[in-house]
Amino acid sequence: MLLRLPTSLSEARRCLAEGAVPVGGATLVWAQWQRDGFPEQALSLRRLPEATVVDGEMLGAAVLLHQVDERVPEVLRRAAASVGTGAVRRTATVGGNIVGSTLRCLLPPALVLDARATVMDHDGAYEAELAEVVAKRPLLLALRWRRPLASAYYKAPGDLGGPPPLVVATAVHAEGAGGRRLFTAVRDGGEVVSGSVPAPADPDRVLGALEGTAPGGLTGEAREAVRREVTDLVRRAGD
């Protein structure tokens, strides 16, 4: 297998056109390749500047999960730190988690950050909604978002090999003329739901508005976790 390491967008596009298969840290595909056979060419973005950036408003797809640090919002940093073991986080990539994984632990944080994706296909790079990234699985280059006023992440304890643990991601953003807006995303089982509502300083008013959204309609443990996380974040954002 030939591993191709492009250093420019034009070179990465050429690799795709020539049939190279995108691979991040290979944590999700190596066993499959050993079983089904290795591709002739693989494509890694680890030398592409656009895919390795880490700052307060952008995160590259080739960034390893253990490299997601205090430069990014709390919700994204804590999500990355919760994935797998230390060994996994030193190998797995942001792009692999969002595009290649069925768990997509970083998807709820990306949703509450109101993130947009930069992706690439045979025609070149373009901006896409996260829903398109999940559905079509293009080559993800980077995520870009609005810096929130505050954010938080909760992941319930889970058993190895068991069902996906509950995840609740929240963020409060500034919104015109001194207003604020709360974004909430929940992974409950294998499904991710999200929604946003105005975020005045009164948590009860926010929770009331949230009832009309998908996260507000959850039941049981998920509902209680959403109410707790939203209440705590709204109070913290108002301090």
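Because the structure is predicted, anything quoted here is derived from the model rather than measured.
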Tell me if a side-chain donor or acceptor on [X] pairs with a main-chain N or O of [Y] at a distance below 3.5 Å.
{"X": "Asp204", "Y": "Leu207", "result": "no"}
{"X": "Arg89", "Y": "Val83", "result": "yes"}
{"X": "Ser82", "Y": "Ala79", "result": "yes"}
{"X": "Arg180", "Y": "Ala199", "result": "yes"}
{"X": "Glu11", "Y": "Thr7", "result": "yes"}
{"X": "Arg14", "Y": "Pro6", "result": "no"}
{"X": "Asp188", "Y": "Ala222", "result": "no"}

**Request:** State whether Arg71 and Asp55 are salt-bridged, where the test is any N-O pair (Lys NZ or Arg NE/NH1/NH2 against Asp/Glu carboxylate O) under 4.0 Å.
**Result:** no
**Message:** Closer than 4.0 angstrom, basic N to acidic O: yes or no for Glu18 and Arg13?
**Reply:** no
Considering all heavy atoms of both residues, which atom of [X] and which atom of [Y] are nearest to each other, and what is their separation?
{"X": "His122", "Y": "Leu16", "answer": "NE2-O, 3.3 Å"}
{"X": "Val99", "Y": "Pro138", "answer": "CG1-O, 3.9 Å"}
{"X": "Val112", "Y": "Ala169", "answer": "CG1-O, 3.2 Å"}
{"X": "Arg187", "Y": "Cys105", "answer": "NH1-SG, 3.4 Å"}
{"X": "Val94", "Y": "Gly60", "answer": "CB-O, 3.7 Å"}
{"X": "Ser151", "Y": "Arg236", "answer": "O-NH2, 2.8 Å"}

**Item:** Pairwise distance CG(Leu5) to CG(Leu45) - rounded to 0.5 angstrom
**Value:** 9.5 Å
**Item:** Atom pair CG/CD of Leu2 and Glu40 - distance to nearest 0.5 Å
**Value:** 9.5 Å
**Asked** According to the ring-ring contact (aromatic ring centres under 6.0 Å, His included) rule, which pairs have a member within residues 161-188, sequence neighbours left out?
**Response** His173-Phe183
**Asked** Which pairs, with at least one residue in residues 124-153 and sequence neighbours excluded, count as a ring-ring contact (aromatic ring centres under 6.0 Å, His included)?
**Response** none
**Asked** Would Val133 and Val119 satisfy side-chain contact (heavy atoms from CB on, under 4.5 Å), going step by step from the backbone distance to the final call?
**Response** CA-CA 8 Å; Val133 173; Val119 301; 3.9 Å; yes
**Asked** In chain order, what residues pass the side chain to side chain contact (heavy atoms under 4.5 Å, CB included) check against Arg147, with sequence neighbours excluded?
**Response** Glu57
With [X], which residues qualify under side chain to side chain donor-acceptor pair (under 3.5 Å), at least two apart?
{"X": "Gln41", "value": "Arg4"}
{"X": "Arg181", "value": "Ser196"}
{"X": "Arg116", "value": "Glu127, Glu129"}

Using a 4.5 Å cut-off on heavy atoms from C-beta on, say whether the side chain of [Y] contacts that of [X].
{"X": "Leu166", "Y": "Val186", "answer": "yes"}
{"X": "Val134", "Y": "Leu107", "answer": "yes"}
{"X": "Leu9", "Y": "Met120", "answer": "yes"}
{"X": "Leu64", "Y": "Thr91", "answer": "no"}

**Complete:** Result for side chain to side chain contact (heavy atoms under 4.5 Å, CB included) between Leu143 and one of Val72, Leu106, Leu130 points to Leu130
**Request:** Determine the sole option in Thr184, Leu182, Val172 for which the side chain to side chain contact (heavy atoms under 4.5 Å, CB included) test with Val206 is passed.
**Result:** Leu182
**Request:** Walk me through it: do Leu210 and Val226 pass the test side-chain contact (heavy atoms from CB on, under 4.5 Å)?
**Result:** CA-CA 10 Å; Leu210 197 65; Val226 167; 3.6 Å; yes
**Message:** Between Glu211 and Arg227, does the salt bridge (charged side-chain N to carboxylate O under 4.0 Å, His left out) criterion hold? Intermediate values first, please.
**Reply:** CA-CA 10 Å; Glu211 288 294 323; Arg227 294 181 69 85; 3.6 Å; yes
**Message:** Please determine whether residues Val21 and Leu140 belong to a single hydrophobic cluster, defined as Ile, Leu, Val, Met, Phe, Trp and Tyr linked transitively by side-chain heavy-atom distances below 4.5 Å.
**Reply:** no
**Message:** Would Leu111 and Val192 count as a side-chain contact (heavy atoms from CB on, under 4.5 Å) here? Give the steps.
**Reply:** CA-CA 10 Å; Leu111 288 169; Val192 175; 3.7 Å; yes
